K.L.:
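Could you have a look at this structure, given as structure tokens, before my questions?
Just so it is clear: chains get the letters A, B, ... in the order the sequence lines come, proteins before strands, and each one is counted from 1. Worth saying up front: this structure is predicted, and the values here are computed from it rather than measured.
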Amino acid sequence: MSGEKTSVGLTEEYLSRIDDKNKDIFAYLSITKDLALEQARRVDEKVKNGEKIGLLEGIPGSIKDMILVKGVRATAASKILDNYVAPYDATVIERLREEGAVFLGKANMDEFAMGSSTENSAYGVTKNPHDPSRVPGGSSGGSAASVAADMAVWSLGTDTGGSIRQPASFCGVVGLKPTYGRVSRHGAIAMASSLDQIGPFAKTVEDAAIVLSAIAGEDKFDATSARSWTKSYQDYLTGDIRGLRIGIVKEYLDNLAGDMRESIEKVIDSYKSLGAEIVEVELPHSKYALPVYYIIQPCEVSSNLARYDGIKYGIRIDDNMNTDIENGDIDMPRTLLETYLDSRRYGIGSEVKRRIMLGTYALSAGYYDAYYLKAQKVRALIRKDFEEAYKKADMILTPTTPTPAFRIGEKADDPLQMYLADIFTITANIAGVPAISVPGPSVETDGKSASRRMPFGFQLMGKWFDEEGILCAADAYEKMKNK
Amino acid sequence: MLSKEEVKHIASLARIGMSDSDLEKFSLDLTVILDWVRQLEEVDVDGIAPMSHTIGEVNITREDVARHLSDKSAIIDLFPEEKSGYGKVKSVF
């Protein structure tokens, strides 16, 4: 073994790069140096002793701050969890530990995973490693940036409406949202429980497949985790997709601006040359996916986030606390109700408040049928569209995002414009299907003086529980591109 | 347009304290978003059953077995206020 790379050596290499770059890119909210080195030393011992080696033995990665790692701070990028230290491991973290992975730290994100740019983080915005004046996407922007900037080999994110795939597209890395139920959500901070799913980021499709193999499978602590079989997903990357039927949605491509359209058309041509058959499919109700999402998601949020009340954990604003909140009369003694009101007022940011308020309104007396029930029915129609489309095609190819990474501040004051960044990704969450974003040909940005090229991803949406299918097709493209 | 009074009511249901300018801001924001989601009115959903779950699993249960927590202090340490190992809550009335 002498002279070969050790896990401690590899981990130190990544830690020193994080040390160099994090002040500029701000991919990490916390860096778990001691934990990482301790894990790495254990790996080197195992190798030395000839013990059984796991799937990710000694490979360092980052974890979105939405996912609990025992003994490590988990804020979900919110002030209200500023002092929260996770008392247990999420199931995905337990599984990664069993496979020997090394944890470098917790990645920045939009507060409670609500946002598409990381600008909603209470701790500062992550910069896109390809152009620091642009956002990395979101909500898992820190995860995507950490992989793109070689500050992690892999990362775990969560995806409720595109929060893995959209930043993967913006940062030029691979991001996979598994089928709802493929990966246990136990220990992921709950946001919108019928839509949330944990998934991997990596530089290559194969690496993403390996991380998925490590984390997938039934869990008795998540009743929605599916009983279906999981696989060694990396074994399905044959490069052979002859005869595969790839569906495209004509309206999606028609609405793309020039360079983006060209990028996707090149991807389609590549798939043709690999022997896939391109067929047109229709998703007529998908234009309603965004409004359906912005009813269902806030409703679930308003319920899930009721737990942040300043009583059980997190920040409490009351007369017994020294806080650094400048705003006003916090020294006043408070009743229980005032403690709730002020803890949530000062602990939670604007976008998250907006969603809690929307959900509370839509679920309140007299509005339930018009909003929530209606959205659930349209959701059923969207799922049905996919069932129909999958009769003609094995998977559906779309752009991941309507544009490449936008500038920091460009959409920060316009919630609706920000929501539209997820227009192509959100349907997969509504229908529950797996979807992967893969870097396609880069595109020209609107730089006034010096234009530059930015990453641009394409998305493959598969049938329920057919992760191996979309991984295989994604990998075939990647292999051809790298030839 | 959602009135400031309505926003105040929702904020109190959601237990979020708000200043007067917050109420104004949210009344505008919520109105814009609610107007936009109302496009769902045009969709015909006659005879369609509402969907709350995407993969059709039903009634997944497990034995209700108590688990021993090895590190109780990790949870107690998170209480904003603690007394004798219990979380302390303000009096309700």
K.L.:
Check the angle between the aromatic planes of Y308(A) and F112(A) and answer parallel, tilted or perpendicular using the 30° and 60° thresholds.
P.N.:
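If you compare the ring of Y308(A) with that of F112(A), the planes turn out tilted.
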K.L.:
Check whether R15(B) gets within reach of chain A through its side chain, its backbone, both or neither, counting any heavy atom under 4.5 Å.
P.N.:
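Both backbone and side chain.
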K.L.:
Does the plane of the ring in Y294(A) sit parallel, tilted or perpendicular to the ring in Y419(A)? Use 30° and 60° as the thresholds.
P.N.:
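The rings of Y294(A) and Y419(A) lie parallel, inter-plane angle below 30°.
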K.L.:
Mind listing the closest non-hydrogen atom pair of S228(A) and R182(A) along with its distance?
P.N.:
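Reported closest heavy-atom pair: OG-NH1, 3.4 Å.
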K.L.:
Where on Y367(A) is there a heavy atom nearer than 4.5 Å to chain B: the side chain, the backbone, both, or neither?
P.N.:
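Contact with chain B: side chain only.
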K.L.:
I'd like to verify something: which residue of K70(A), R227(A), K220(A) has the highest number of heavy-atom pairs under 4.5 Å with chain B?
P.N.:
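Ranked by heavy-atom pairs under 4.5 Å with chain B, first place is R227(A).
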K.L.:
Does atom NZ of K72(B) have more than 12 heavy-atom neighbours, drawn from other residues, nucleotides or ligands, at distances under 6.0 Å?
P.N.:
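Counting neighbours around NZ of K72(B), 12 or fewer heavy atoms of other residues, nucleotides or ligands fall under 6.0 Å, so no.
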K.L.:
Got a salt bridge between D82(A) and R73(A), using NZ or NE/NH1/NH2 to carboxylate O under 4.0 Å?
P.N.:
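Yes, this pair counts.
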K.L.:
Any donor and acceptor pair, going by atom type alone, linking the side chain of D89(A) with main-chain N or O of E94(A) inside 3.5 Å?
P.N.:
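Checking the backbone N and O of E94(A) against the side chain of D89(A), no donor-acceptor pair under 3.5 Å is found.
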K.L.:
Any salt bridge between K384(A) and E388(A), counting N to O under 4.0 Å?
P.N.:
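No.
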K.L.:
Given heavy-atom pairs under 4.5 angstrom as the criterion, report whether the side chain, backbone, both or neither of A11(B) touches chain A.
P.N.:
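A11(B) touches chain A through backbone and side-chain heavy atoms alike.
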K.L.:
Using non-hydrogen atoms only, which part of N59(B) is less than 4.5 Å away from chain A: side chain, backbone, both, or neither?
P.N.:
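No part of it gets close to chain A.
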K.L.:
Could you tell me which portion of R383(A) (side chain, backbone, both or neither) has an atom closer than 4.5 angstrom to a non-hydrogen atom of chain B?
P.N.:
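Looking at R383(A), just its side chain touches chain B.
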K.L.:
Counting only non-hydrogen atoms closer than 4.5 Å, does Y293(A) touch chain B with its backbone (N, CA, C, O), its side chain (CB onward), both, or neither?
P.N.:
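Neither the backbone nor the side chain of Y293(A) comes within 4.5 Å of chain B.
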K.L.:
Non-hydrogen atoms of chain B under 4.5 Å away: do they reach the side chain of L416(A), the backbone, both or neither?
P.N.:
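It is the side chain, since no backbone atom gets that close.
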K.L.:
Counting only non-hydrogen atoms closer than 4.5 Å, does V292(A) touch chain B with its backbone (N, CA, C, O), its side chain (CB onward), both, or neither?
P.N.:
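Both backbone and side chain of V292(A) come within 4.5 Å of chain B.
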K.L.:
Is chain B contacted by the side chain of L290(A), its backbone, both, or neither, given a heavy-atom distance below 4.5 Å?
P.N.:
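Both parts, heavy atoms under 4.5 Å.
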K.L.:
Can you say whether S350(A) sits under 4.5 Å from chain B via the side chain, the backbone, both, or neither, judging by heavy atoms?
P.N.:
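Interface part for S350(A): both.
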K.L.:
Atom NZ of residue position K4(B) - does it have more than 12 heavy atoms of other residues, nucleotides or ligands inside 6.0 Å?
P.N.:
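Yes.
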K.L.:
Side chain, backbone, both or neither: which part of K88(B) has an atom under 4.5 Å from a heavy atom of chain A?
P.N.:
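K88(B) touches chain A through backbone heavy atoms alone.
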K.L.:
Heavy-atom distance under 4.5 Å to chain A: side chain of F26(B), backbone, both or neither?
P.N.:
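Interface part for F26(B): side chain.
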K.L.:
Under a 4.5 Å heavy-atom cut-off, does chain B meet the side chain of Y372(A), its backbone, both or neither?
P.N.:
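No part of it gets close to chain B.
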K.L.:
Which heavy atom of V183(A) sits nearest a heavy atom of A216(A), and at what distance?
P.N.:
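Smallest heavy-atom distance, with atoms named: CG2-CA, 4.2 Å.
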K.L.:
Given a strict heavy-atom distance threshold of 4.5 Å, which part of A226(A) is in contact with chain B: side chain, backbone, both, or neither?
P.N.:
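Both parts, heavy atoms under 4.5 Å.
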K.L.:
State, yes or no, whether a side-chain contact exists between K177(A) and M461(A) at a heavy-atom distance under 4.5 Å.
P.N.:
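Contact flag for K177(A)/M461(A) side chains = no.
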K.L.:
What part of K353(A) is in contact with chain B, defined as an atom under 4.5 angstrom from a non-hydrogen atom: side chain, backbone, both or neither?
P.N.:
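Both parts, backbone and side chain.
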K.L.:
With a 4.5 angstrom heavy-atom cut-off, which part of S73(B) approaches chain A: side chain, backbone, both or neither?
P.N.:
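For S73(B), no heavy atom lies under 4.5 Å from chain A.
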